[in-house]
Amino acid sequence: MKIIITGSSGFIGSNLVKKYIDGNSVIGFDIMPNPISSGNFEHIGFNIHDLEQVIVRYKPDLLIHCAGNADIQRSISDPRFDFSANVDLLSQILDILRKNDSKTRFINLSSAAVYGNPEELPIRESDTPEPISTYGFHKHIGEKMCTMYKQLYGLRTSSIRIFSVYGTGFKRQVIWDMSRKIVNHADLVLFGTGNESRDFIHIEDLVDAIDLIANDPNEEDVYNVGTGQEITIRELTNLFNVAMGKDCRWSFNNQTRKGDPVNWCSSIRKIQNLGFKQKISIENGIKEIYEWSKTIK
């Protein structure tokens, strides 16, 4: 297959490159350099005009759009930046595919942030999105654009609503934060009350799910990608202690941040019907992140 990955130096994008370079021809676009060296992989600095030229010449079988802003707090403090990164850029890529009557399978990475605070769990793809952050709002706009380009122009688009991804190489989110606090002997204080919940998915499982979706002949408009397991942050601290064999005393500051949802858990029936099975348990994932975090200066 001929594959283009935008945001190919980022956390998700770089892991997709690693998955696909064996047996496929992969071109990655990113403003940041990429350390991957392979005869099957070409890295190009991100420029929309260069991307259009490559799409026209290369005629990719698959384009996975990972580029954009993933920082909810920055989307709130700088909404114009987030619009440019998550709406305008996607619009330009969709229009390139439209103008070239492309048959490329197009996968847009969206987010569970489109759901906001759902009325009930688990969250289904058919539930009405009610984003509570600029980031979630812009991601929802992007999904609607993909669906509209499918309906009007016949593009083969799908959007993936990713829940709380984690893994080595990702220096964000609560599992990384907990690991670093222990390694650095910092105060073991976490945001919130501890009753907030998330659906954590390891990057290896996420990449497998994306591949299943890319090859789904039904080409649904949206897919949830999580594990279907709700874990409160308080429960996560207990799992953390057990996984590490420690008795850490965690506390919570009872502060909330704008745009952060309270409780999340995904319905993953769609991807399960495609054959998705979780490989990395949260316990093993915690051990992996903790060991990796000890190597970071």
Side-chain angles (χ1 to χ4, degrees), residues 1 3-8 10-24 26 28 60-68 70 104-115 118 121-127 129 136 139-140 142-143 146-147 150 156-170 172-173 175 198-231 264-286 288-289:
M1 289 178 62
I3 301 169
I4 291 176
I5 299 172
T6 67
S8 57
F11 177 56
I12 298 176
S14 61
N15 279 277
L16 285 166
V17 170
K18 292 175 186 176
K19 179 177 182 63
Y20 283 120
I21 55 174
D22 185 15
N24 300 288
V26 182
D61 301 295
L62 173 64
L63 196 166
I64 307 177
H65 180 48
C66 305
T104 299
R105 181 76 169 103
F106 180 79
I107 303 296
N108 169 49
L109 298 197
S110 185
S111 168
V114 303
Y115 290 118
L121 300 177
I123 312 168
R124 299 161 299 181
E125 289 93 343
S126 58
D127 291 344
K139 282 295 187 180
H140 187 44
E143 292 182 0
C146 287
T147 300
K150 175 187 285 187
R156 300 173 57 205
T157 65
S158 292
S159 293
I160 299 178
R161 293 171 177 169
I162 300 171
F163 282 72
S164 299
V165 64
Y166 71 100
T168 56
F170 194 46
R172 293 178 57 193
Q173 306 293 3
I175 295 176
R198 294 293 182 266
D199 185 336
F200 296 100
I201 181 166
H202 190 275
I203 184 62
E204 291 185 26
D205 289 319
L206 172 60
V207 167
D208 286 347
I210 292 172
D211 185 54
L212 288 170
I213 292 166
N215 289 284
D216 180 12
N218 292 322
E219 299 182 359
E220 303 268 1
D221 287 346
V222 294
Y223 300 80
N224 283 342
V225 176
T227 63
Q229 301 172 36
E230 180 186 12
I231 299 175
W264 270 356
C265 178
S266 64
S267 168
I268 57 171
R269 176 187 55 82
K270 279 188 182 181
I271 59 173
Q272 285 177 326
N273 288 342
L274 299 178
F276 174 77
K277 294 182 180 179
Q278 181 184 4
K279 294 189 307 186
I280 311 295
S281 69
I282 186 67
E283 293 84 358
N284 288 337
I286 288 170
E288 174 191 290
I289 297 302

Asp216: partners by side-chain hydrogen bond (donor to acceptor under 3.5 Å, both in side chains), with sequence neighbours left out
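In terms of side-chain hydrogen bond (donor to acceptor under 3.5 Å, both in side chains), with neighbours along the sequence ignored, Asp216 is linked to Tyr223.
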Applying salt bridge (charged side-chain N to carboxylate O under 4.0 Å, His left out) to Arg161 and Glu125, what does each step give before you reach the verdict?
CA-CA 9 Å; Arg161 293 171 177 169; Glu125 289 93 343; over 6 Å; no
Supply the atom-to-atom distance Ile210 CD1 to Asn15 CG, rounded to the nearest 0.5 angstrom.
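So the CD1 of Ile210 and the CG of Asn15 are separated by 9.5 Å.
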Given 3.5 Å as the limit, does a donor-acceptor pair link the side chain of [X] with the main chain of [Y], or not?
X	Y	value
Asp211	Val207	no
Asp199	Gly228	yes
Gln278	Ile280	yes
Lys270	Glu220	no
Thr6	Cys66	yes

Nearest non-hydrogen partners of Asn24 and Met1, listed with the distance
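Shortest heavy-atom separation between Asn24 and Met1 comes out as OD1-N, 3.1 Å.
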Mind jotting down which residue pairs meet the salt bridge (Lys or Arg N to Asp or Glu O under 4.0 Å) criterion with at least one end in residues 271-286? Sequence neighbours excluded, please.
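Sorted pair list: Asp208-Lys279.
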For [X], give me all partners under ring pair (Phe, Tyr, Trp, His ring centres under 6.0 Å), at least two apart in sequence or on another chain.
X	value
Tyr166	His202
Phe276	none
Phe106	none

Go through the steps to decide whether Ile12 and Ile162 satisfy the test side chain to side chain contact (heavy atoms under 4.5 Å, CB included), and finish with yes or no.
CA-CA 11 Å; Ile12 298 176; Ile162 300 171; 4.0 Å; yes
For Arg124, which residues count as a side-chain contact (heavy atoms from CB on, under 4.5 Å) partner, sequence neighbours excluded?
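Once residues adjacent in sequence are excluded, the partners of Arg124 under the side-chain contact (heavy atoms from CB on, under 4.5 Å) criterion are Glu120, Ser126, Asp127, Ser267.
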